[in-house]
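Per chain, numbering begins at 1; letters A, B, ... match sequence-line order. Side chains are part of it too, since the values below use all heavy atoms of this structure and drop only hydrogens, waters and symmetry mates. Computed from a predicted model, the values in this text were never measured in an experiment.
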Amino acid sequence: MPMNENGEFTPLIVAFCCNWCSYAGADLAGSGRLAYPAEVKIIRVPCSCRVNPTFILRAFQKGADGVILAGCHPGDCHYSTGNYYTRRRMTLLFSMLEYLGIEKERTRVEWISAAEGAKFAATMNDFAAKIHELGECKRLEDLRCK
Amino acid sequence: MRKLSSDRMSELFERLDSLCPLYLPGEKDGAVSFVRYEQGVDYAVGALNTVRSAKDFFFPQVENIAAFRMTGKKIEILENQNGNEPFVVFGVRACDAASFSLLDQVFLSEPVDPYYRDRREAGTVITVACGEPDTSCFCTAFGIDPAEPKGDISVWLTDGFLYWQPRTDKGENLTENLTDILEECDGGEIKSYQDTIKTIANQLPLANLNLSYWENTDEKEIFASPVWDEIYKGCLGCGLCTFVCPTCQCYDVRDFDCGETVRKFRCWDSCMYSDFTRMAHGNPRKTQKERFRQRFMHKLKYFPENNGGLVSCVGCGRCVRSCPQGLNIVKTARRVSDD
Amino acid sequence: MTETLIPMIGVITDIRLDTPDVKTFRVVGRDGKKCFSHLPGQCAMLSVPGIGEAMFSITSSPTNKDYMEFSIKKCGCLTDWLHAMEVGQEILIRGPYGNHFPVESELKQKNLLFIAGGIGLAPLRSVINYCRDNRNDYGVLDIVYGSRSKDDLVDYREILEEWTADERTRVHLTIDRPQDGWDGHVGFVPDFVRELAFDTDKTVLLCGPPIMIKFTLQKLLEMGFAKTQIYTTMELRMKCGVGKCGRCNIGSKYVCKDGPVFRFDELDELPDEY
Amino acid sequence: MQITKTIKKLVSEGKADRVFGWKKGELGFDTEPALFTEDFDSVVYNSLCGANLCKYMINETKKDGTVLLLLKPCDSRGLQLLTKEHRVRREKIYALGVPCRGKIDVDKISDKGIKGMIDIQENGDTLTVVTLYGEQTVPRQDVLYEKCLSCVGKEHVGCDEVLSPELSEDTTVNDRFAGVTALEEKNPEARFAFWRSQLSKCIRCNACRNVCPACSCVKCIFDNPSSGMDSKANADDFEENLYHIIRSFHVCGRCTDCGECSRVCPEKIPLHLLNRKYIKDIHKLYGDGDEAALLTFTKDDAEPSVVYERGEGHA
């Protein structure tokens with residue numbers, strides 16, 4: 001289990017952020033000096049619908065303890081409809097993961113616009129807190145990558 | 001020969017497992033496979049064959065070979081520590097036991113495969129005679145006797161007793177630790193049991209498989225048979241038959257990127273897969289016909305040619321039972337030879 | 001003897017750009033010495049962790065005791081990577097695998113005719129240089145070599161400067177289509193072989209793309225060569241190199257173990273497909 | 001036999017020049033998919049013809065001529081899907097629907113402890129199993145495939161002709177989603193344990209993929225080295241999960257619930273429980289429209305948070 005120097009669990013959280021909204025939201029959070037945990041690793045994607053289910057599973061394979069996907073609010077997609085597809089896909093995928101007995105709190109989708117720096121920071125803080133509570137992801141791990 | 005009352009079988013398993021890890025056929029979610037013995041695990045005494053064959057013990061589906069770390073232009077080889085502790089497999093059928101000698105032909109011929117060899121040395125095989133051979137069985141077509149299985153120790157499970165016959169030094173050594181529960185007896189007691197098995201085995205519908213055409217016909221002629229154009233049509237191109245087959249031994253060597261290191265592992269491969277022979281410039285086996293032909297030519301013609309006439313099939317009947325579309329080696333062998 | 005499939009580490013000490021898509025790599029062990037000894041026609045497994053592993057024929061002659069060379073055409077995942085690497089890079093190597101040209105038996109004291117097309121020169125170069133280094137053991141060496149264009153002739157400089165220097169070695173080059181600055185022969189290898197009207201006392205070593213092999217063989221037979229006089233070297237996908245992984249067979253023969261060098265009368269007994 | 005008669009008539013009328021159907025195997029109770037260009041008398045159709053033939057049409061319709069294809073009701077939905085996705089040339093197929101009263105799972109007969117089966121005779125609702133050890137009878141209903149016990153329906157779709165539909169019998173005894181509901185009602189630990197135990201049996205033979213009419217990609221992601229996902233063996237527990245999650249997701253919204261995946265699995269993994277979970281979710285969240293659920297959307301679709309807003313052990 002990855003630990004910090006105080007012996008506390010430090011999770012790895014992967015945040016897929018849409019280039020047009022949520023990534024800019026992260027920027028805004030940064031420039032507004034709103035703190036969110038360093039455990040959150042941002043991966044910029046052109047649109048939330050670029051994230052296919054294998055990205056999410058791969059993240060868990062390579063050691064993520066939580067995966068969050070952030071995109072434009074429905075209706076605001078830079079490509080008009082991308083996030084509507086994301087919404088269906090992820091709803092079904094998360095439902096399946098839950099069905100397989102994987103803790104549902106480890107995955108999340110949030111809509112965060114470029115103006116919502118505060119929401120970005122709050123969401124990440126909340127999500128990270130949840131993952132801290134859950135501890136290490138044991139149900140979707142690849143032992144070879146440990 | 002020694003014997004033990006049937007109601008004391010779990011005692012025997014307990015003892016064996018205390019000597020070294022014991023594996024035996026057990027049911028898991030509706031499918032019978034070899035499982036590690038522990039309290040509460042029931043020996044699937046009625047199951048004739050496990051879904052996967054016993055080859056897993058010596059040639060597992062996946063095994064790590066080495067790992068590498070790349071830093072800049074440098075490569076570091078991290079050897080894989082494959083400890084091979086002794087183990088015992090109980091309940092191997094005569095067909096699977098015969099498959100080990102076919103695998104030996106491949107893996108123990110020069111240059112020897114050390115991973116296979118080490119596992120072979122570590123494992124003690126206890127075979128069990130087949131009291132009730134099933135329709136899909138045709139081991140007798142390859143001279144295998146289901147009433148007289150090979151292995152380090154042979155076991156017969158009759159009504160009321162387990163009979164135990166060590167056949168090799170490894171088997172003798174194991175038996176020495178069990179003399180207190182296995183009482184000596186003379187071998188005559190299993191004779192009628194064996195006779196019953198033989199009577200049934202002779203009536204099995206596939207047991208009369210005749211491979212004389214395959215033996216006596218030129219490789220090129222069989223290869224060019226027009227039957228291949230038709231017979232493969234139902235084949236899905238999945239790897240089921242190869243993965244459940246006790247004699248299929250083709251493998252792939254692959255890399256897995258673990259992040260810091262790259263792990264090199266060996267895994268089963270199937271000649272039925274389209275990428276089996278694919279190279280950068282194309283695939284010499286373009287359609288399922290060629291792949292299908294390769295599998296059966298290999299088992300029934302190429303392997304015997306390279307191994308003194310030994311056919312690479314033991315008649316376990318797994319492909320007969322498992323093929324989703326009802327294709328199998330008997331069908332192929334018979335149709336190609338127009339039998 | 002055992003085969004662990006675990007390679008040893010080799011270091012790339014030189015990279016030579018031969019043609020736009022062929023590079024020749026020089027490999028030695030970490031200790032600076034040759035990784036292992038081999039015979040002409042044998043192959044080695046080269047790999048890069050996480051990229052892939054593939055069989056390549058050893059291009060350098062066994063008489064070279066200092067290093068091994070591999071001429072590799074860029075055509076797939078692993079070869080792309082090899083072409084992009086720099087001198088000093090470590091790679092993984094295991095071998096040698098397969099049989100070899102019978103340089104110490106059947107080929108001895110014979111007049112040899114080498115016929116190569118494109119990258120097919122790679123395995124033959126090992127034999128050619130072996131014969132040149134043991135010059136008195138062999139008769140006249142005729143080398144017919146063709147490629148798409150002048151720029152695609154592998155080892156052009158070595159051919160011009162070294163091979164032609166020996167008077168009992170004759171080099172016949174050809175390219176597929178006319179090209180500025182080329183005053184040699186233009187045309188395909190099979191026809192060129194026919195035109196050159198060689199004596200049938202020669203033993204032929206043939207290597208190139210399958211289509212070239214097919215037609216050259218036809219011409220050679222027309223000219224009166226027997227199949228027992230013609231050797232070739234084959235290539236199929238391989239994983240183990242020792243005849244166990246089960247994929248490189250032609251009929252009952254494994255290319256990695258029973259080949260890659262076959263005489264045409266041996267191939268005749270095998271199915272003509274895969 | 002009526003089917004043979006119809007086939008001969010259709011071929012003589014020029015409706016098709018070859019037939020894809022089933023023929024008898026080596027044993028009394030096995031059948032195999034086969035292509036017939038003559039000898040139509042050897043076409044068999046009985047309760048042992050469980051295989052779905054529609055996927056063979058991908059290759060078969062690349063050739064010249066028209067092929068007469070025998071379809072059970074569940075197979076016809078597969079052909080409809082392949083047609084909709086332009087994987088087959090529908091105009092080269094003459095689809096002949098054949099009646100279905102459920103297919104027999106030989107493994108279920110073996111599971112009853114019946115060994116040495118030589119032949120199976122059908123007399124109405126009872127099967128007589130002839131074995132080396134004597135004859136036994138079993139109720140037909142007991143040994144039908146799982147897919148037949150929770151059949152979607154006996155109506156053929158998109159066939160050119162349906163033969164004696166009145167002979168079809170509804171064999172459904174289970175609610176299609178009963179298995180999914182039962183799992184949903186368990187707690188996450190129990191669900192995880194269930195799937196871990198099931199999926200750990202997987203040998204990655206790819207039979208479920210290769211038989212699936214919805215898995216019609218020219219090159220599967222699991223075979224494609226450039227996908228970064230290609231793998232031949234489940235080298236780790238994770239890969240067992242990965243393969244089945246992704247495979248079921250790829251057919252999500254397109255699965256016709258023909259049950260072939262569970263039928264072919266040598267390890268008897270209940271793969272239909274994955275596909276039916278998606279079908280159930282789709283019905284609940286997006287209704288049961290014609291279009292594949294993942295290829296469309298509405299502006300007021302449910303948010304993904306619906307998954308964690310619903311309580312534990314929901315059904």
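- Heavy atoms closer than 4.5 Å to chain C are found in the side chain of B:F68, but not in its backbone.
- When heavy atoms are compared at a cutoff of 4.5 Å, B:R254 does not approach chain C at all.
- Interface remark: of the candidates C:C248, C:C75, C:C245, C:C245 forms the most heavy-atom pairs closer than 4.5 Å to chain B.
- Under the 3.5 Å distance criterion, the side-chain polar atoms of B:E221 are left unmatched by any main-chain donor or acceptor of B:D218.
- When heavy atoms are compared at a cutoff of 4.5 Å, B:M70 approaches chain C solely by way of its side chain, counted from C-beta outward.
- At least one cation-pi condition fails for B:R119 and B:F58: the charged atom is not both under 6.0 angstrom from the six-membered ring centre and inside a 45 degree cone around its axis.
- Proximity to chain C is absent for every atom of B:F303, based on heavy atoms less than 4.5 angstrom apart.
- For a residue to count as touching a neighbouring chain, one of its non-hydrogen atoms must lie under 4.5 Å from one of that chain's; by this rule B:R117 touches chain C with the side chain only.
- The contact between B:H298 and chain C is made entirely by side chain atoms (from C-beta outward), counting heavy-atom distances below 4.5 Å.
- Donor-acceptor pairing under 3.5 Å is recorded for the side chains of B:T277 and B:N283.
- The two residues B:P60 and B:W268 make their nearest non-hydrogen contact at O-NE1, 3.2 Å.
- Proximity to chain B (any heavy atom under 4.5 Å) is restricted, for C:E269, to the backbone atoms N, CA, C and O.
- At a 4.5 Å heavy-atom cutoff, the contact between B:K264 and chain C is made by side-chain atoms alone.
- Heavy atoms of B:D269 lying under 4.5 Å from chain C belong exclusively to its side chain.
- With a threshold of 4.5 angstrom between heavy atoms, B:S109 approaches chain C through its backbone and through its side chain.
- At a 4.5 Å heavy-atom cutoff, the contact between B:Q249 and chain C is made by backbone and side-chain atoms alike.
- In summary, the side chains of B:S99 and B:K55 do not present any donor paired with an acceptor at a separation below 3.5 Å, with no hydrogens or angles considered.
- Looking at B:V112, both its backbone and its side chain come within 4.5 Å of chain C, counting heavy atoms on both sides.
- Here B:R120 pairs with B:D104 in a salt bridge; the nearest charged N to carboxylate O distance falls below 4.0 Å.
- Cation-pi contact between B:R293 and B:F223: present, with separation from the ring centre below 6.0 Å and deviation from the ring axis of at most 45°.
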